[in-house]
Amino acid sequence: MTASGLRNETLRDALRDMLGKPFGSANVVYVPTASVAEPGDHGWVVADMNRLHGLGWREFDILELNGLPRHMVLDRLLHADVIYVEGGSHYHLARSITGNGLADGFLEALESRVYVGVSAGSMIFSRNLTEHSADVIGDATDLHVLGATTVEPPFGLFDWYLKPHLYSPDFPERDDAWADRIAARADFPIYFIDDETAVRVRGGKVDVISEGRWRFHP
């Protein structure tokens, strides 16, 4: 679970290790769904897609979760060795998965594939992805702009919540004081990670891989 993708060699090496083969022998599917709910310039999406594509995959697929038949989406996920889910609106991404009936099939695909989340793509696995956490974190407006007041966690695998882009120049308000305010209100564990960090989950074990900085509040 990354904040900004495979930004450094430590994160790329961790992915190679989990994949167990060279990128050139593997298929990746890139899911941009969360990004389309964000307004404004999308150069960050293009940059991250180019960075991922530049790793030299055997096959690079792009898959939107909305608008396609369910069986087609799941077949494309199953065809990949790595499922890479881009950032944007985690609420739109979660609602796309649940609204299209993809949660069970998605989880089945993840049993034998490597998942890389970017920002929103990393946030959808917490069972605490709810309207309560939206109030705690302070991003309920992002939910309401979608015309929603509630959100259902599509997977609910972890009790901890992940909040990305700590210390990021793109989010200058996300400093230690910001994290302190959230941690003081939260009644659930939170990882705050910067753009050079990932939380890795493998075989039920959780650890942090980083060339940057991060915080965990249990």
Side-chain angles (χ1 to χ4, degrees), residues 1-35 43-63 76-88 90 93 106-126 155 157-171 174 179 189-218:
M1 313 295 176
T2 77
S4 291
L6 304 169
R7 291 277 293 264
N8 57 62
E9 195 60 33
T10 298
L11 300 182
R12 292 188 287 271
D13 284 345
L15 176 57
R16 288 188 189 96
D17 179 56
M18 293 184 74
L19 183 58
K21 58 184 174 181
F23 296 146
S25 301
N27 300 337
V28 64
V29 59
Y30 175 89
V31 179
T33 299
S35 69
W44 57 275
V45 179
V46 176
D48 193 45
M49 186 188 300
N50 284 336
R51 183 164 50 236
L52 179 65
H53 182 264
L55 296 179
W57 304 90
R58 178 175 60 192
E59 181 179 295
F60 186 97
D61 187 18
I62 298 176
L63 175 64
R76 299 262 290 276
L77 293 176
L78 291 170
H79 182 67
D81 300 292
V82 175
I83 299 171
Y84 189 100
V85 179
E86 187 57 86
H90 52 301
L93 179 58
F106 216 113
L107 282 176
E108 180 184 345
L110 293 182
E111 289 178 1
S112 54
R113 285 153 189 85
V114 180
Y115 179 93
V116 180
V118 180
S119 192
S122 299
M123 300 171 71
I124 56 173
F125 291 91
S126 176
F155 305 123
L157 294 183
F158 314 130
D159 64 345
W160 46 267
Y161 195 94
L162 186 145
K163 193 63 180 170
H165 309 304
L166 184 64
Y167 314 123
S168 171
D170 296 324
F171 299 87
R174 297 191 183 185
I190 306 179
Y191 283 96
F192 297 93
I193 64 172
D194 75 358
D195 292 344
E196 304 294 330
T197 298
V199 177
R200 175 173 58 184
V201 181
R202 178 166 57 176
K205 179 183 177 183
V206 180
D207 62 356
V208 177
I209 305 163
S210 181
E211 289 190 10
R213 294 177 290 173
W214 57 279
R215 295 172 50 167
F216 177 63
H217 295 266

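Note that the coordinates shown come from a computational prediction; the quantities given were computed from them, not determined experimentally. All values below were derived from every heavy atom in this structure, side-chain atoms included, with hydrogens, water molecules and symmetry-related copies excluded.
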Give me the atom names and distance for the closest heavy-atom approach of [X] to [Y].
X: Ser4; Y: His165; answer: OG-CE1, 3.4 Å
X: Ala3; Y: Ile193; answer: N-CD1, 3.7 Å
X: Leu52; Y: Trp57; answer: O-NE1, 2.9 Å
X: Ile209; Y: Ala14; answer: CD1-CB, 3.5 Å

Just wondering, do [Y] and [X] contact through their side chains at under 4.5 Å, heavy atoms?
X: Lys163; Y: Met123; answer: yes
X: Leu63; Y: Leu77; answer: yes
X: Ser122; Y: Val199; answer: no
X: Tyr115; Y: Val201; answer: no
X: Asp81; Y: Arg58; answer: yes
X: Pro189; Y: Asp159; answer: yes
X: Leu107; Y: Leu157; answer: yes

Using the side-chain contact (heavy atoms from CB on, under 4.5 Å) criterion, which residues pair with [X]? Sequence neighbours excluded.
X: Pro22; result: Ser25
X: Arg12; result: Leu6, Glu9, Arg16, Leu55
X: Ala198; result: Thr2, Leu11
X: His217; result: Ala183, Phe192, Arg215

Got a sec, which residues hit side-chain hydrogen bond (donor to acceptor under 3.5 Å, both in side chains) with [X], two or more places apart in sequence or on another chain?
X: Lys205; result: none
X: Asp17; result: Arg202
X: Tyr30; result: Glu86
X: Tyr161; result: none

Check: Glu211 side chain, Asn8 main-chain N or O, donor-acceptor pair, under 3.5 Å |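 The answer is no, because no donor-acceptor pair under 3.5 Å joins these two groups.
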Could you tell me whether a side-chain N or O of Arg113 sits under 3.5 Å from a main-chain N or O of Glu108, the two making a donor and an acceptor?
->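 Not a single qualifying donor-acceptor pair exists.
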Nearest 0.5 angstrom please: [X] [atom1] to [Y] [atom2], how far?
X: Leu162; Y: Met1; atom1: CG; atom2: CE; result: 8.0 Å
X: Ile124; Y: His90; atom1: CD1; atom2: NE2; result: 10.5 Å
X: Glu111; Y: Leu78; atom1: CD; atom2: CG; result: 10.0 Å

Pairing residues for [X] by the ring-ring contact (aromatic ring centres under 6.0 Å, His included) criterion, not counting sequence neighbours:
X: His79; result: none
X: Trp160; result: Phe158, Tyr191
X: Phe155; result: Phe106, Phe125

Trace of the side chain to side chain contact (heavy atoms under 4.5 Å, CB included) decision for Trp44 with Ser35 = CA-CA 10 Å; Trp44 57 275; Ser35 69; 3.8 Å; yes
Walk me through it: do Arg213 and Thr197 pass the test side chain to side chain contact (heavy atoms under 4.5 Å, CB included)?
-> CA-CA 7 Å; Arg213 294 177 290 173; Thr197 298; 5.9 Å; no
Kindly write out the residues that satisfy salt bridge (charged side-chain N to carboxylate O under 4.0 Å, His left out) with Asp48, not counting sequence neighbours, or none if the list is empty.
->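 Checked Asp48 against salt bridge (charged side-chain N to carboxylate O under 4.0 Å, His left out); matches are Arg51.
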